[in-house]
Amino acid sequence: MSENNINENINPEVTEEEIETAATEEVTETVEAIAETEETAEAEAVEATEEVQETAETIETEAVEAVAKEEPAPVAETEATQEEAKPAKKKPFLQVPVIIALCLIVATLLGYFVFVGFFLKEPEGVTWSSEQDGATYYYEFKNDGTFQANIGSIEINSTYQKTKSADGNTITVGTNFGSFYANAPATYTISGSRLFGGQTLNGSYGEGYDFTLTQATKKIMMPDLPENFEANEDLVGTWIFKYMGYDIYKVTFGNNGSMILEFVQDGIKYNGTYTFDDSTINFTYCVAENVAVPVDYAIVDKDNLTFMGYNFVREGSAAAEATPDQQIITSAAQE
């Protein structure tokens, strides 16, 4: 197609300026339409917001009216509720009666200790001592009427009695030991304060024999256990010699070298140690110093032992039940 044909198809009356003007107007109309649409949407949003606020105010008003219609609680009930809400007051830990009772108990105990410490003048409840021949003797008078005395590792057990009369107080001990004669009344007086350990007992058996005991702390002297001791299990245990149905002697051998020899009827107990060989037991006890005593022995069988010239049987064995009276087997007894 020729250039002339193209030009012929263009409207000669429409110029370029007119075309530009028409395009501008069209753009302007489009922008105004968009703006109008935005204003409409904004108005609709504002209207919806106002409706929401109005609905919220209505709900709040209805809620306030509903609360206002409720009846208030009575004042007395409210006060009671407040009282219940208050925490209960704690009672003091010590009530007045309890405090009074405690004071009375303390006063009683204090009075008792003052009385015992300064005014009680009785031989019970005190350990007494005396010195004789370089040895210390200890004496105890128990409240149950028993008497116990010690010297070194030796223990004596017996009984005692007290009497009171216009002539004075007397005490009678059932054994001959230390300062005391067996079964003879001795008059006595006690002075000093036991609270401070300074009491003194002055006793007398009459003209020519007075003695003094002082308050003391008992000290038991014991020999040292033998070193590297190896026990004979056939010997270890307690053995008894009986005569006329009575236990006369009792001896106990420990597996650590300790030994106790008792003179049962006399209430004398020797505490000590032992070593042994084939035929001799070397028994060591203490008075003012250690004393060693050799004693012949022989193990007959597991339940029979010859010791100190007597036939001992093992305590609790069938032999002890079957043989209540053992015989002296020393050569002197056989002659």
Side-chain angles (χ1 to χ4, degrees), residues 121-165 168-192 194 197-223 238 240-241 243 246-252 258-274 283-293 295 308 310:
K121 308 297 181 184
E122 296 293 343
E124 294 90 347
V126 176
T127 299
W128 306 97
S129 71
S130 66
E131 300 288 334
Q132 296 183 32
D133 301 326
T136 303
Y137 292 74
Y138 296 99
Y139 316 90
E140 291 180 282
F141 302 93
K142 307 295 181 65
N143 290 322
D144 60 358
T146 58
F147 169 78
Q148 186 179 93
N150 297 83
I151 177 174
S153 64
I154 304 172
E155 177 183 313
I156 306 291
N157 291 281
S158 186
T159 59
Y160 74 95
Q161 291 181 340
K162 293 191 309 179
T163 60
K164 292 186 177 181
S165 65
N169 299 327
T170 66
I171 190 166
T172 304
V173 175
T175 187
N176 191 43
F177 184 79
S179 298
F180 293 95
Y181 291 148
N183 301 315
T187 59
Y188 71 92
T189 58
I190 297 175
S191 59
R194 78 167 57 186
Q199 281 195 327
T200 299
L201 186 151
N202 295 297
S204 175
Y205 280 105
E207 295 182 3
Y209 182 55
D210 298 329
F211 62 91
T212 299
L213 310 181
T214 57
Q215 188 173 349
T217 300
K218 183 166 62 175
K219 296 179 181 179
I220 303 299
M221 299 175 62
M222 287 289 295
T238 299
I240 305 172
F241 171 72
Y243 186 73
Y246 295 98
D247 292 351
I248 305 300
Y249 302 120
K250 181 183 292 188
V251 60
T252 300
S258 63
M259 176 176 164
I260 302 172
L261 176 61
E262 297 181 59
F263 292 55
V264 179
Q265 298 303 311
D266 296 326
I268 303 175
K269 183 185 294 185
Y270 292 82
N271 299 282
T273 62
Y274 76 103
F283 177 43
T284 302
Y285 61 95
C286 185
V287 184
E289 57 186 19
N290 288 349
V291 178
V293 179
V295 183
M308 300 193 311
Y310 299 93

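All residue numbers refer to positions in the sequence shown, counting from 1.
- By the salt bridge (charged side-chain N to carboxylate O under 4.0 Å, His left out) test, Lys218 is found to be paired with Glu140, residues two or more places apart in sequence or in another chain being considered.
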* To do: Would you please test Met221 and Ser153 for side-chain contact (heavy atoms from CB on, under 4.5 Å) and show each step?
  => CA-CA 5 Å; Met221 299 175 62; Ser153 64; 5.7 Å; no
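- Residue Tyr285 comes nearest to Val293 through the heavy atom pair CE2-CG2, 3.9 Å, listed as atom of the first residue, atom of the second, then distance.
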* To do: List the steps and the verdict of side-chain contact (heavy atoms from CB on, under 4.5 Å) for Ile220 and Asn150.
  => CA-CA 8 Å; Ile220 303 299; Asn150 297 83; 3.6 Å; yes
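- A distance of 14.5 Å separates OH in Tyr249 from CD1 in Ile240, rounded to the nearest 0.5 Å.
- Annotation: the span from Ser158 atom OG to Gln148 atom CD amounts to 11.0 Å, rounded to 0.5 Å.
- The two residues Asp247 and Val264 come nearest to each other via the heavy atoms O-CB, 3.4 Å.
- Taking the six-membered ring where the residue is Trp, Tyr205 and Tyr209 present parallel rings, their angle staying beneath 30° rather than reaching 60°.
- What you find for Trp128 and Leu201 is that their closest heavy atoms are CZ3-N, 3.6 Å.
- A 6.0 Å sphere centred on CG of Asp133 holds no more than 12 heavy atoms belonging to other residues, nucleotides or ligands.
- At a threshold of 4.5 Å between non-hydrogen side-chain atoms, the residues Lys121 and Gln199 count as touching.
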Distance-only donor-acceptor pairs under 3.5 Å for side chains of residues 170-185, two or more places apart:
from, atom 1, to, atom 2, distance (Å)
Thr170, OG1, Thr163, OG1, 2.1
Ser179, OG, Ser130, OG, 3.4
Ser179, OG, Gln132, NE2, 3.1
Ser179, OG, Tyr139, OH, 3.3

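- Met222 contributes atom CE, which lies 10.5 Å from atom OG1 of Thr284 (distance to the nearest 0.5 angstrom).
- Looking at Glu124 and Tyr160, their side chains do bring a donor and an acceptor atom within 3.5 Å of each other.
- Between the side chain of Thr252 and the backbone N or O of Thr238, no donor-acceptor pair lies under 3.5 Å.
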* To do: Step by step, work out the side-chain contact (heavy atoms from CB on, under 4.5 Å) result for Lys269 and Lys250.
  => CA-CA 9 Å; Lys269 183 185 294 185; Lys250 181 183 292 188; over 6 Å; no
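- Classified by interplanar angle (parallel below 30°, tilted 30° to 60°, perpendicular above 60°), the ring pair Tyr310/Phe241 is tilted.
- Rounded to the nearest 0.5 Å, atoms OG1 (Thr212) and CG (Asn202) are 4.5 Å apart.
- Note that CD1 of Ile248 is 5.0 Å distant from CD of Gln265, once rounded to the nearest 0.5 Å.
- A donor and an acceptor atom, one from each side chain of Asp210 and Ser204, are located under 3.5 Å apart.
- Of the inter-residue distances, the one linking Gln215 atom CD with Ile190 atom CD1 reads 10.0 Å to the nearest 0.5 angstrom.
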* Asked: Could you go step by step and tell me if Leu261 and Met308 meet the side-chain contact (heavy atoms from CB on, under 4.5 Å) rule?
  -> CA-CA 11 Å; Leu261 176 61; Met308 300 193 311; 4.1 Å; yes
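- The shortest non-hydrogen separation linking Lys162 to Tyr188 is CD-OH, 3.7 Å.
- Put simply, the side chain of Val251 reaches to within 4.5 Å of the side chain of Met259, judged on heavy atoms.
- When all heavy atoms are compared, the tightest approach of Tyr138 to Thr217 is CE2-O, 3.6 Å.
- When the shell of 6.0 Å around CD of Gln161 is examined, it contains 12 or fewer heavy atoms from other residues, nucleotides or ligands.
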* **Audit row: Glu122, Lys164, salt bridge (charged side-chain N to carboxylate O under 4.0 Å, His left out) steps and yes/no** => CA-CA 11 Å; Glu122 296 293 343; Lys164 292 186 177 181; 3.1 Å; yes
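- Between Tyr274 and Ser258, the shortest heavy-atom contact is CE2-O, 3.2 Å.
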